[in-house]
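Keep in mind the model is a prediction, meaning the values are calculated, not measured. For the numbers below, each heavy atom of this structure counts, side chains included, while hydrogens, waters and symmetry mates do not.
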Amino acid sequence: MSESRFRVRYAETDQMGVVYYANYLVWMEVGRTDFCRECGFSYHEMETEAGISIAVAEARCRYRVPARYDDTILVRTSLLEVRSRALNFAYEIIDETSDTLLAEGETRHIAIDKGGRPRSIPERYRRLLSAGLATGT
């Protein structure tokens with residue numbers, strides 16, 4: 001499991017003073033990027049060296065409690081599944097100060113080449129990601 005921490009920026013809030021719903025998906029991306037780094041590679045490296053991108057094919061987010069400006073956010077990211085051409089991630093977005101679950105979600109990804117065609121995830125990256133698979137979920 002990877003953990004990412006940051007504070008809610010004012011620009012991420014709406015007129016009601018709460019975080020705009022789409023920003024939770026951005027925070028999931030932060031979590032995925034950090035997860036890859038902790039597995040031993042950067043997402044950018046995979047794109048440039050292997051010519052493979054991991055496109056979001058499906059995203060789900062269940063909102064529980066709103067986050068607000070200047071809250072300290074913790075995003076816990078885990079990898080649920082690695083297949084030859086696909087990945088599934090899970091996320092918990094938490095107010096770190098109060099330890100309150102704000103949202104939880106999952107994303108499914110498909111590996112594509114620069115032309116947008118499905119491709120296999122190169123063995124090196126599959127191996128590094130597989131080492132970070134969640135256990136007991």
Can you sort out the partners of Glu3 under side-chain contact (heavy atoms from CB on, under 4.5 Å), two or more places apart, ordered by chain and number? Arg5, Leu74, Arg76
The side chain to side chain donor-acceptor pair (under 3.5 Å) partners of Thr72 (sequence neighbours excluded) come to Arg7
Does Ala131 have any side-chain contact (heavy atoms from CB on, under 4.5 Å) partners at least two apart in sequence or in another chain, and if so, which? none
Residues at least two apart in sequence or cross-chain that pass salt bridge (charged side-chain N to carboxylate O under 4.0 Å, His left out) with Asp14, listed by chain then number, are none
Taking salt bridge (charged side-chain N to carboxylate O under 4.0 Å, His left out) as the test, write out the residues that go with Arg62, two or more places apart. none
Distance col, row Arg85:CZ vs Ile112:CD1, nearest 0.5 angstrom, shows 12.0 Å
So how far is it from Met28 CE to Thr107 OG1, rounded to the nearest 0.5 Å? 7.0 Å
Within this structure, what is the CZ-CD1 distance for the pair Arg119 and Ile52, rounded to the nearest 0.5 Å? 7.5 Å
Glu12 meets the side-chain contact (heavy atoms from CB on, under 4.5 Å) criterion, sequence neighbours left out, with Val8, Arg9, Asn23, Trp27
Are Val30 and Tyr21 joined in one hydrophobic group, where the rule is that I, L, V, M, F, W and Y side chains link up if heavy atoms are under 4.5 Å apart? yes
Please name the pair of heavy atoms, one in Ala50 and one in Pro122, separated by the smallest distance, quoted to 0.1 Å. CB-CG, 3.7 Å
For a quick test of reading the model, state the closest non-hydrogen atom pair linking Leu25 to Cys61 and the distance between them. CD2-CB, 4.4 Å
Report whether Ile93 and Val65 are members of the same hydrophobic cluster (ILVMFWY, side-chain heavy atoms less than 4.5 Å apart, transitive linking). yes
Can you tell me how far apart OG1 (Thr100) and CG (Asp71) are? Round to the nearest 0.5 Å. 9.5 Å
When rounded to the nearest 0.5 angstrom, what distance separates CE in Met46 from CD1 in Ile121? 7.0 Å
Listed by chain and number, what are the ring pair (Phe, Tyr, Trp, His ring centres under 6.0 Å) partners of Tyr20, not counting sequence neighbours? none
Does anything in residues 47-93 pair up under ring-ring contact (aromatic ring centres under 6.0 Å, His included), and if so which pairs, sequence neighbours excluded? Tyr10-Tyr69, Tyr24-Tyr63, Phe35-Phe89, Phe89-His109
Residues Leu79 and Gly132: closest non-hydrogen pair is CB-O, 4.1 Å
Decide yes or no for Ile94 and Asp99: does some side-chain heavy atom of the first lie under 4.5 Å from some side-chain heavy atom of the second? yes
Tell me every residue that passes side chain to side chain donor-acceptor pair (under 3.5 Å) with Asn88, counting only those two or more places apart in sequence or in another chain. Glu81, Arg108
Out of curiosity, does Val56 fall in the hydrophobic cluster containing Ile110 (side-chain heavy atoms, cut-off under 4.5 Å, transitive links)? no
With rounding to the nearest 0.5 angstrom, report the CZ to SG distance, Arg127 to Cys39. 12.0 Å
Which is it for Thr13 and Arg68 under the side-chain contact (heavy atoms from CB on, under 4.5 Å) test, yes or no, and what are the steps along the way? CA-CA 7 Å; Thr13 62; Arg68 299 183 182 279; 5.8 Å; no
side-chain hydrogen bond (donor to acceptor under 3.5 Å, both in side chains) partners of residues 37-46, not counting sequence neighbours, each pair once: Ser2-Glu38, Asp34-Arg37, Glu45-Arg124
Which residues share a side chain to side chain donor-acceptor pair (under 3.5 Å) with Glu123, sequence neighbours left out: Arg126
Among all residues two or more places apart in sequence or in another chain, which pass the side-chain contact (heavy atoms from CB on, under 4.5 Å) test with Ala86? Arg83
Any heavy-atom pair between the side chains of Leu102 and Ile73 that's under 4.5 Å? yes
